[in-house]
Amino acid sequence: MINDMKPEDIIGDYKEVMLDLYGGIKRLCLYSEVETPYPDGKLIVSTTDTNGIITHVNQSFVEMSGYTEAELINAPHSILRHPDIPAAAFKDLWDTVLRGEKWQGFVKNLRKDGGYYWVKATVIPNIRKGQIVGYTSVRRKPSRSKVEECIKLYPTLM
Amino acid sequence: MTFRLTVSPDFTPDHLPGWYIFNTWLQKQLGEGIHLEMYNSFQAQHEAIVKDQIDLIYANPFDAAMLVRERGFLPLVKAHGLSDEAIIAVNAESPAKDVADLAPGTRVAATEDPDVRLMGMIMLEPADLTSSNIDLHLCDTYVLVAKKLLRGEADAGIFLAEAFDDLSGMIKKQLKVLVHSQIGVIQHVLMVGPRLTDRRDELRDLLLAMPSDEKGQDVLNNLGFDALINVEDEEMEFMIDLMDTLNT
Ligand SMILES: Cc1cc2nc3c(=O)[nH]c(=O)nc-3n(C[C@H](O)[C@H](O)[C@H](O)COP(=O)(O)O)c2cc1C
């Protein structure tokens, strides 16, 4: 399940936007300008089923997202969707992994408290006995220069 | 027939006798002849794997994908409480306070250990450093990596965290850690090859029971392990997928 974001969870000033997610889901997003730096030396890992529903998260994922593990498991991965990332990026992600290939990109993710964090993400299909049984995403710390490029590029793709 | 056991060439030299003791113990337990062959390079080990000469291997996570997906190996056990982690360190006098302070052209000293090098390169990426814009200096041991930093022959070093911790206090005092990985799920795994997979359950039972008798415990101590724990097929597949994401 994915709920609207709640004003009482948000830290600092925020803006509001209604996001149209896949499958006709609408989500009220509250987002601020507070950036959480990527934790040095860590990887943020999650696994989903074939529909993009979260089945596993590591401790760094929990800490960076601001949600509890219980809130994340069984939620669609779009729980982290930030309005500043163009839909085309996620379409490319899904088109790529559905072909059985690896996808890599820079993503700004939305925290439960309305803040954000940038990651370099790699998503791969989990292939078992020749079948795709789910997807794993491993995020690492992005370079500032790559993030700056994306900050310029992404608004042009909206 | 005699089976062949090998150990990833990045083993800690102090534990070399421990692997011979382990092999003697294992032969007795299994009632089979096993020859321990230590290769002095990853390349020599790969050649033996490709020729199907290996039946048991304490494998570097970097090689797990090839072993499982191309050579039919299956996981048995891993050491309890140990994971492979990497450290990026510089000379204590270096002006760099953060990886981001390193620039293209940086002279990076590292060893051949493939998983550590991969983790190290991931930690250099925030500075836009890649294998194509660094000046890589390969060393035979981590002590030599440290020496290159002390002599000013390299600007940054990639270390296995355990090996860094084992450096003498004198050396460590002259180095500065910029970043220490906290990945937790990348680890060497003891794996069994096709000629022995029919004895996998028996092998696993023997290995898991080691801490429960004095002899087994002694063998573990000589390897620097407190116990071995089971690695399920899916856990192995997950580690392979994870390594795959890092390898790009
Ligand atoms: C393994 C995996 C990890 C994903 N990680 C993220 C993520 O960190 N942030 C994000 O916004 N979308 C992520 N997605 C994409 C979402 O599934 C989703 O496509 C995206 O949030 C856009 O939402 P929508 O497809 O409902 O429009 C991931 C997808 C997969 C398969």
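Proteins come first, then strands; the chains are lettered A, B, ... in the order of their sequence lines, and each starts at number 1.
- Looking at every heavy atom in both residues, B/P126 comes nearest to A/S143 through O-CB, 3.2 Å.
- Residue A/T47 touches chain B through its side chain alone, counting heavy-atom pairs closer than 4.5 Å.
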What verdict does the side chain to side chain contact (heavy atoms under 4.5 Å, CB included) test give for B/E125 and A/R140, after you've listed the backbone C-alpha separation in whole Å, the side-chain angles of each residue and the deciding distance to 0.1 Å? CA-CA 9 Å; B/E125 261 188 31; A/R140 45 181 123 150; 2.4 Å; yes
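- Applying a 4.5 Å heavy-atom cutoff, the residues of residues 228-248 of chain B that approach chain A are B/E234, B/E237, B/F238, B/D241, B/L242, B/D244, B/T245, B/L246, B/T248.
- Heavy-atom neighbours of B/D166 CG from other residues, nucleotides or ligands within 6.0 Å: above the threshold of 12.
- Only the side chain of A/K102 comes within contact range of chain B, judged by heavy atoms closer than 4.5 Å.
- Of the listed residues (A/R144, A/R128, A/K146), the one with the most heavy-atom contacts under 4.5 Å to chain B is A/R128.
- Enclosure of atom NE2 in B/H46 by more than 12 non-hydrogen atoms of other residues, nucleotides or ligands within 6.0 angstrom is indicated.
- The environment of NZ in B/K172 is crowded: more than 12 heavy-atom neighbours from other residues, nucleotides or ligands sit within 6.0 Å.
- The stretch residues 4-41 of chain A places A/D40, A/G41 near chain B, each with some heavy atom under 4.5 Å from a heavy atom of that chain.
- For CD of A/E148, the number of neighbouring non-hydrogen atoms (other residues, nucleotides, ligands) closer than 6.0 Å is greater than 12.
- For a residue to count as touching a neighbouring chain, one of its non-hydrogen atoms must lie under 4.5 Å from one of that chain's; by this rule A/V147 does not touch chain B.
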